[in-house]
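Structure record follows, encoded as structure tokens.
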Amino acid sequence: MTATEFSRRQILGGCLAGLALSLTGTVAAGSKRRIYSAASDRNNRHFLCCWAEGELQFKVASSGRGHDVLLNVHTNSALYFARRPGTWLTVLDAHSGELQASVTSPAGRHFYGHGTLIQQGEILLTSENDFANGGQGVIGIYDCRDNYRRIGEFASGGIGPHQIATMPNGRTLVVANGGILTLPGSNRDKLNLDSMQPNLSYIDSRTGQLLGQYQPPHPQLSLRHLDVNNAGEVTVGAQFEGDTAQTLPLLFRHWGEDTLQPLSASDTVWRSHNHYIASVASAGDTVIATSPRGNCISRWRNGQFEKLEHLNDVAGVAFDPQRNAFVTSNGRGQLVHVDQQGLSLTGRVADLRWDNHMELST
Amino acid sequence: MTGKNAMTHTFSRVSLSLAFCFLAACGKAPEQQLLDATGSEAILPLHEKFLAESLSLSQNTSAFCAQNSRSAEDLAALRDRWVAAMNGWEGIQSIQFGPVTDDNQAWKVQFWPDRKNLIARKTEQFVIGDEAITLPALQDSSVVIQGLSAMEYLLYDKPAAKLIGPDGQGYCDHLNAAASNLQQVADFLHEGWHPSGKNYLGTWQSPGPDNLDYPDENAAIGALIETIVYGLERIKRDKLQRPLGLEGGQANTFLLEWWRSQQSREAILINLHSLQLLYSAGNGAGLNELLQARGATELSDTVTTQFDRAISAIASLEGSLEQNHAKAANAESLETLYATLTDLLAAFKREIPSTLGITLGFNANDGD
């Protein structure tokens, strides 16, 4: 067995295809497709929202700006994460929007806005900043059955862990460590741009053991957002913090190779993303990436660039398996389908600006 | 003019403008008037100018390269045409929405800053390569050698002497292909905006729930404000601060926008005139009047004054930025320009959007 084969088997752990989707993709909330996202209005008030069939199902005020949402089918919950450096995590009933739990990160820690579920939705893992001890990245462990009591943590494998996901084996965790040091007292300033060490890490969620770690080809490519398809292939998007005169690939895929594999596109395509990927969603062999700084959505198949679509301030994206299409959201309140034919408006909430990420249930 | 005549004259002017007002725009909301006036008085004319100057450059380059022998005077005349086309580009450089985003057109026109001198290296490789130097070959090559930046290298750097010598045909072929490519880009942009073409102007001027790009008027006006912010930031950070070391660090004039032709000062002047035009719609119903209509007359006037001050400061700089940026006589003008750009950016990033109830780039500014 080669090292690569070993690594792949250990990481994928038998590849129970579909488990991750079944954990996060369906909530017992009726037959309507529902879109969950944080949002803000023009008066800079912040909300945790659910939209379906042309209208808001609920809009719950929050104390600050949210970031990602996670659905827990087993508890019929929508988990809304505070945007960095927020310390709150609000759990709402995914159907009614009623409060199920309010979680606060422990002293000396803040959330990075993302999390994932393991063990049939019983355990929540979150990306966190241990800012009280210099800003090392940690993964917090919370017991969903016990009012989200914090029961432990392990190292994330770097500084600035951002989006995390569970691999199809239900056990291995994949972490995008962005590499950027920020501290709550420094007003979101990036404190280590000259010494960043971003990486993609695979970690055994039961033991915290680091199983593998992969660096992008440039140390200032901050790996931030990712998605995993049913086969266990990870696609990770980057935000470039270096000299903007350079043009570098911003998306990489990984499925047990020795190095991250850049997706294939011309410099013009990469340049159109303006050094910034906000969200990544994958389904089968297709990947969608959004770039609000490039006002564009890019579609990729089998690692090859296919098409660029223009949409202003676009960021959120999720796959809708029933319609076999991706849905995107933007800062203009729009929800827009992306499929082979192009873009089509599916809804809009005029006075809301959808925040970075969305989750979808069918 | 007698009192009666003056009164009659005034009356007829008022009647005329009222009649025009009635026929044209006065029935429309001020937001719609802004979109109409900015399109017809700023966006379309600026694109028409770039197209006309690019066409002229392309025709003149073709004629220049068709000659059996080329003189220094011929080269000087062609450089003038290049400067005119470059000026046309600087007029629309800030407009970052619309057709320019299709396939990254701006990058085909200008490669800057060029920290690794890629323009010189890739142009030389292209010219001495085995492949015939044609427009399709150029368009299949790196964007670095496709537009005004490569033409500047050919016209003002080492190849210039060869262009007027016996061994200059390869360079001339490259020059010719780049001029044709530039004209195609200018044509693409013009056609993309123009109502008789793909009419992106119509998309921008018709906001509504079914308009994917502009679901409401605020989104359309926000695109205009964002483009002015982009243009001002480009001037402040990329055209002044970094190359001249204005906030610490060494000056590096090779980072100036047009260091080979020494046209960087002129480019900033044109940018500012263009940005002021986008703000005022040439004294039509621009952003300045919308601010007034919303009761922010003082802010409207302040921004107009700031544009005037910035333009006056860059115009009063003696000589080129490349040669004279560090001269004591220019220190005050540069300081005034830099400070005024900071004030303008504050107005367009915060005060104007806040007054108009517009949010700029919610997710684009997120940084997460």
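Chain identifiers are assigned alphabetically (A, B, ...) following the order of the sequence lines, protein sequences preceding nucleic acid strands; residue numbering begins at 1 within each chain.
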Greatest number of heavy atom pairs closer than 4.5 Å to chain B - which of [options]:
| options | answer |
| --- | --- |
| A:Leu345, A:Asn274, A:Thr244 | A:Leu345 |
| A:Leu308, A:Val336, A:Asp267 | A:Asp267 |
| A:Asn295, A:Asn312, A:Thr268, A:Thr290 | A:Thr268 |
| A:Arg188, A:Lys190, A:His67 | A:Arg188 |
| A:Asn44, A:Val269, A:Ile180, A:Asp243 | A:Asp243 |

Whether over 12 other heavy atoms sit under 6.0 Å from [X] [atom1]:
| X | atom1 | answer |
| --- | --- | --- |
| A:Lys307 | NZ | yes |
| B:Lys122 | NZ | no |
| B:Lys198 | NZ | no |

Pairs of heavy atoms under 4.5 Å with chain A: top-ranked of B:Thr101, B:Asp213, B:Asn218: B:Asp213
B:Asp102 CG to A:Cys296 SG distance, which is reported to the nearest 0.5 Å: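 The SG atom of A:Cys296 is 11.5 Å from CG of B:Asp102, to the nearest 0.5 Å.
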For a quick test of reading the model, state the closest non-hydrogen atom pair linking [X] to [Y] and the distance between them.
| X | Y | value |
| --- | --- | --- |
| A:His225 | B:Asp368 | CE1-O, 3.0 Å |
| B:Leu212 | A:Gln334 | O-NE2, 2.9 Å |
| A:Ala245 | B:Pro113 | CB-O, 3.8 Å |
| B:Phe362 | A:Ser40 | CZ-OG, 3.6 Å |
| B:Asp366 | A:Arg83 | OD1-NE, 2.7 Å |

Short side-chain donor-acceptor distance under 3.5 Å, A:Arg353 and B:Thr359: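 Note: B:Thr359 and A:Arg353 side chains meet the donor-acceptor criterion.
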Under 3.5 Å, side chain of [X] to main-chain N/O of [Y], donor-acceptor pair present?
| X | Y | answer |
| --- | --- | --- |
| A:Tyr276 | B:Gly367 | yes |
| B:Asn363 | A:Trp354 | yes |
| A:His310 | B:Gly98 | no |

Engaged part of [X] at the chain B interface, taking heavy atoms whose separation is under 4.5 Å:
| X | answer |
| --- | --- |
| A:Arg293 | both |
| A:Ser279 | neither |
| A:Asp355 | both |
| A:Leu311 | side chain |
| A:Asn356 | both |

Cation over ring face, A:Arg332 and B:Tyr214, 6.0 Å, 45°: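 Ring-cation test returns no.
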A:Arg348/B:Asp216 ion pair, N-O < 4.0 Å: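 Judged by the 4.0 Å cut-off on N to carboxylate O distance, A:Arg348 and B:Asp216 do form a salt bridge.
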